[in-house]
Amino acid sequence: MTMSKVINFAAGPAKLPPTVLAKAQAELLDYEGCGMSVMELSHRGKEFTKIIKDAEADIRELMAIPDNYSILFLQGGATTNFAALPLNLAGPEDTVDYMITGSWSKKAAEEATKYVKNVNKVLPKPANGFTEIPDKSEWSLSPDAKYVYYCDNETVHGVEFSTVPETNGVPLIADMSSNFLSRPVDVTKFAVIYGGAQKNIGPAGMTIVIIRNDLLGNAQAITPTMLDYSVMAKNGSMYNTPPCFAIYMAGLVFRYLIDNGGLAAYSKKSDAKSGALYRAIDGSDGFYRAPVEEKSRSRMNIPFRLSKEELEPVFLEEAAKKGMVQLKGHRSVGGIRASIYNAITEEEVSTLIDFMDEFKTTHA
Ligand SMILES: Cc1ncc(COP(=O)(O)O)c(C=O)c1O
């Protein structure tokens, strides 16, 4: 189904599946015959109770999340959890490990220093900016860390882990904001998986935290009630009014992904889409250049430069004229970035590649 003439390559908020938007539109004024919009429903009423329970059951099915993990639907964005994670999982005098591979994990580590005394940086300082994940031989994990934190996919720099880091039994926390639901993951390898919804899940306004239950209940005394995961888990994410509409939209996306082959299918699509785009960049005789080292390249956010950097604004302008929008690189790094989450189709990526070939022919 196509409803729009643009292809939205935004890093987030990002494109949602048109089928999901159409269903939300059809149900907007009168949800399942109850005479009200989802936005108007009581969060304690029977309709919304079913919406949140179905959403939880569906993400549990999609990601094969075992019963000993709680799934929390929270507000405050991923950024709020930069504080909530150390507050819930470490004491003020503890040591925690952070793998800094880009701007998001860097921010998370900075925030943790407010709540935990020893924030150890596992990786050496990057020599060429954030363009690679250093080899395991260069990691310095602390033996006594309460947890190891990493960002599975760095949205700004386009750096993604291809395997789950080995922490020798130390609880592992993953920020999956920008690659949530893009491939099957073995949830049992993680203490916490979390992320903002606005990239690969649904609208902004909701953050998902998947946490192993034995880690609940040890929050620091200063932890605000709203940031205490055990309070949220005990109350089924409804200690206060939850982000109802965002939860409903995410639920529609979960169901849509299940109906369309689940995460294995989307993983294949992501490999095909990102593979084609990187091949186009690498095969451009240097006209385009992807700065990230091959083994650390993201399948979701693909930053690239033009050899003639002065042509980048022209590239963006001409792409926009052809309906390809939000291709500008993050303001901190410049250049171009194509974000190709689940809702972006292989055809849409082909359209971008065709445009890149054409642009190269005209401007080489
Ligand atoms: C990987 C990653 N982590 C964290 C964040 C922060 O998310 P939020 O804006 O929901 O706080 C972002 C936002 O783009 C992100 O891409």
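For the single chain, residues carry numbers from 1 onward in sequence order. Order of appearance sets the numbers: ligands from 1, and atoms from 1 within every ligand. As the structure is a prediction and not an experimental result, all values here were calculated from the model.
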Under 3.5 Å, sequence neighbours excluded: what are the donor-acceptor pairs made by side chains of residues 309-316?
from, atom 1, to, atom 2, distance (Å)
Glu309, OE1, Arg305, NH2, 3.2
Glu312, OE1, Arg305, NH2, 2.9
Glu312, OE2, Arg305, NE, 2.9
Glu312, OE2, Leu306, N, 3.0

- Of Phe9, Tyr288, Phe287, which is the lone residue that meets ring-ring contact (aromatic ring centres under 6.0 Å, His included) with Phe304? Tyr288
Please table the atom pairs, donor to acceptor, closer than 3.5 Å between any side-chain atom in residues 236-250 and protein atoms at least two apart or in another chain.
from, atom 1, to, atom 2, distance (Å)
Ser237, OG, Phe73, N, 2.8
Tyr248, OH, Glu27, OE1, 2.5

- Mind jotting down which protein residues get a heavy-atom contact under 4.0 Å with ligand 1? Chain and number order, please. Gly77, Ala78, Thr79, Phe82, Trp104, Cys151, Asn153, Thr155, Asp175, Ser177, Ser178, Gln198, Lys199
- Message: Tell me whether Thr95 contacts the main-chain N or O of Asp144 through its side chain, where contact means a donor paired with an acceptor under 3.5 Å.
- Response: no
- Item | side-chain hydrogen bond (donor to acceptor under 3.5 Å, both in side chains) contacts touching residues 215-233 (sequence neighbours left out) | Asn81-Tyr229, Asp228-Ser230
- Item | Side chain Glu160, main chain Arg299, donor-acceptor under 3.5 Å | yes
